[in-house]
Amino acid sequence: MSTAPCVLPPDEAAGYIKAYFECVHPLYPFLDRREFERKAALPNLIEVLAEQPAFSALYHAVLAIGCQNIADVSFDPGVGRSWQIFRVSLAILPRILTHPDSEPDLQAVTAMAIFGMNIPGMQVDELFIEAVRKAARIGCHRVIKRRGLDPVSCYKTFWVIYILERMLCFVFGLSPLLSDYDIGCPLPETPESNVDGVNFFLIAVRCGRIMSKAYQTLFSVSATMKTTEQYFAAIDAIKSDLSRWNYSIPAKFRPGMPFHSGNGWETLSFLRIHYMYHALNISLCRLELHVGVDQSTQRMNDTRKQLMNTARTVLDLTTFIELKPSTPMWIMCAIPASAMLILFDFVIHNPTHIETDTNLKLLDTAAGFFGRLQYATGGSFPSMIMSGFAHIASDYVRRSRAANGSSVAASATARSSGTPGNQPIAPQLTASMPPSIPNFAASTGNVNLNGLPPKESAPSLDVYSSSGPLFYPIEEGDYTMNDDLFAGFNFANFFEPVIPEF
């Protein structure tokens with residue numbers, strides 16, 4: 001790879017820069033637009049880029065991100081106009097990482113980390129970790145007293161990195177590198193992130209803080225030492241924080257309320273806070289079901305309903321996701337895929353429940369979404385794999401209901417003929433089921449790595465109790481420490497991507 005600047009026609013470069021500041025900058029407001037545009041318009045720009053590697057990496061990353069938003073339609077890593085530009089930043093990266101830490105270096109790595117959040121950039125999706133390390137070495141997370149640094153600019157860059165790290169670490173099951181108790185820098189004003197007087201950058205930062213607290217108290221290694229009562233108390237505390245955060249948002253934009261799309265970057269900003277809220281809710285519900293696996297209480301029933309309704313909402317929101325290369329992968333893939341697998345579990349284990357028909361419709365919605373995603377990517381991103389779950393679930397429910405109806409009819413015939421002792425026989429979710437009906441006792445969304453069956457046994461398919469409590473499969477409560485205990489779901493790993501050669 002060459003570090004030589006990518007020479008673009010002035011109008012093309014200006015268009016990409018404008019697209020970046022109009023479409024992306026309000027979501028991640030860490031650059032001074034006036035200063036950046038002034039420097040990018042210098043008549044000796046090529047010489048400046050050659051003399052200042054950090055600015056060159058930042059400049060080309062901004063161009064690449066802007067190109068993704070308005071010109072590039074390729075989802076393939078290493079392919080397309082945006083990657084042609086981004087290669088320059090990637091070539092300069094080793095020099096930036098080994099160079100003495102500075103504010104331009106930090107801004108360059110931050111811009112590159114933003115590029116790595118989408119499908120074309122999934123091979124560099126962990127660049128946000130390098131940004132966190134560099135921010136910590138510079139000391140941006142504390143009151144800056146170091147000469148040569150612009151405090152406001154450093155603080156803005158740090159809080160953008162904070163959001164990136166908290167979101168991606170929570171979604172991918174990684175440990176945050178920087179502890180909240182060690183953060184002591186102010187959050188500067190970011191008026192460019194306002195919509196109707198509401199600052200969505202500040203809202204995202206606050207939700208990131210709750211995610212960090214949830215990881216520390218519920219999902220860290222030390223949290224596994226809690227008793228069931230302590231777990232429930234900690235879960236209730238996080239739910240209370242999340243509820244207060246949610247109600248601090250105006251009803252028009254509040255997660256859980258009807259979604260209102262906006263113009264340009266606004267819709268993605270709204271989706272970001274909605275999906276952050278729902279991702280945390282899903283994690284809390286699943287943990288609560290694991291912790292209370294031995295309990296049959298109203299709390300567990302309510303948690304199952306909340307988990308199902310949250311997954312439904314996530315899939316319902318997919319209609320607002322714009323299928324383009326610049327959309328973050330955790331919004332476009334990871335959260336919808338998790339919600340789809342959750343509803344798949346509910347359908348398979350509750351085929352005669354009154355809620356199953358609605359869940360099947362939403363699985364069809366998800367199948368359509370992932371089908372459109374594969375079409376948009378030209379088949380390079382095989383998301384149609386996820387669409388198959390809807391067909392499997394629908395076919396299984398149809399066969400289960402048919403078998404259950406036959407059992408009920410046979411029982412009724414036996415009773416009418418006076419044969420004693422015959423009761424309706426419902427098919428069970430076990431290995432004894434006919435080969436034509438798949439066995440989903442431990443479905444794809446809840447695979448037990450130790451080969452153990454779920455601790456709860458699946459209920460019988462009784463058509464006379466189809467509106468009763470929902471069943472959700474929970475694995476055996478084995479909390480032995482291993483590499484998979486806290487592993488999250490990185491959608492990139494699902495398809496085993498190959499790092500392209502440059």
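Below, all heavy atoms of this structure are taken into account, side chains as well, without hydrogens, waters or symmetry copies.
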Q) If you count the non-hydrogen atoms of other residues, nucleotides and ligands that lie under 6.0 Å from OH in Y247, is the total more than 12? A)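 Check fails, neighbour count at 12 or below.
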Taking [X] for the side chain and [Y] for the main chain, is one N or O donor matched with an acceptor at less than 3.5 Å?
| X | Y | value |
| --- | --- | --- |
| S338 | A334 | yes |
| S82 | A64 | no |
| S193 | L27 | no |
| T313 | N309 | yes |

Parallel, tilted or perpendicular: which one describes the rings of [X] and [Y], with boundaries at 30° and 60°?
| X | Y | result |
| --- | --- | --- |
| Y275 | H278 | perpendicular |
| F259 | F270 | perpendicular |
| Y162 | W159 | perpendicular |
| F55 | F36 | tilted |
| F170 | F219 | perpendicular |
| W83 | F115 | perpendicular |

(Q) Enumerate the side chain to side chain donor-acceptor pair (under 3.5 Å) contacts for residues 366-379, please, sequence neighbours excluded, ordered by first and then second residue. (A)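 Pairs touching residues 366-379 that pass the test: none.
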Nearest atoms (heavy-atom pairs only) where [X] meets [Y]:
| X | Y | value |
| --- | --- | --- |
| W245 | I203 | NE1-O, 3.0 Å |
| P188 | V152 | CG-O, 3.8 Å |
| T267 | S261 | OG1-CB, 3.6 Å |
| A57 | A108 | CB-CB, 3.9 Å |
| T217 | A234 | O-CB, 4.3 Å |
| L280 | A214 | CD1-CB, 3.9 Å |

Separation of [Y] [atom2] from [X] [atom1] (nearest 0.5 Å):
| X | Y | atom1 | atom2 | answer |
| --- | --- | --- | --- | --- |
| M276 | M167 | CE | CE | 6.0 Å |
| D32 | E37 | CG | CD | 9.5 Å |
| C67 | L8 | SG | CG | 8.5 Å |
| S269 | H274 | OG | NE2 | 9.5 Å |

Q | Qualifying residue, where the test is salt bridge (Lys or Arg N to Asp or Glu O under 4.0 Å) with D180 and the options are R206, K213, R166 | A |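 Single salt bridge (Lys or Arg N to Asp or Glu O under 4.0 Å) partner of D180 among R206, K213, R166: R166.
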With side chains defined as the heavy atoms from C-beta onward, is the minimum distance between [X] and [Y] less than 4.5 Å?
| X | Y | value |
| --- | --- | --- |
| E165 | L174 | no |
| F253 | V195 | yes |
| K324 | N69 | yes |
| P104 | Q52 | no |
| S56 | T3 | no |
| I96 | K134 | yes |
| L268 | P328 | yes |
| R286 | L289 | no |

Q: List the steps, then state whether side chain to side chain contact (heavy atoms under 4.5 Å, CB included) holds for I385 with F370.
A: CA-CA 8 Å; I385 294 174; F370 284 111; over 6 Å; no
Q: Tell me, with the steps shown, if F158 and I138 meet side chain to side chain contact (heavy atoms under 4.5 Å, CB included).
A: CA-CA 10 Å; F158 168 77; I138 294 176; over 6 Å; no
Q: Report the C-alpha distance between Y20 and H25 in whole Å, list the side-chain angles of each, state the deciding distance to 0.1 Å, and finish with yes or no for side chain to side chain contact (heavy atoms under 4.5 Å, CB included).
A: CA-CA 6 Å; Y20 172 85; H25 178 68; 4.2 Å; yes
Q.
If only side-chain N and O atoms count, and only distance matters, is there a donor-acceptor pair under 3.5 Å linking S179 with Q216?
A.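 The criterion, which ignores hydrogens and geometry beyond distance, is not satisfied for S179 and Q216.
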Q. Can R272 and I163 be said to form a side chain to side chain contact (heavy atoms under 4.5 Å, CB included), step by step?
A. CA-CA 11 Å; R272 179 170 70 176; I163 290 180; 4.2 Å; yes
Q: Begin with the C-alpha distance, continue with both residues' side-chain angles, and end with the deciding distance and a verdict on side-chain hydrogen bond (donor to acceptor under 3.5 Å, both in side chains) for S248 and R244.
A: CA-CA 6 Å; S248 70; R244 286 196 297 270; over 6 Å; no
Q) When you look at E103 and S153, which way does the side-chain hydrogen bond (donor to acceptor under 3.5 Å, both in side chains) test go after all the steps? A) CA-CA 8 Å; E103 181 183 342; S153 177; 2.6 Å; yes
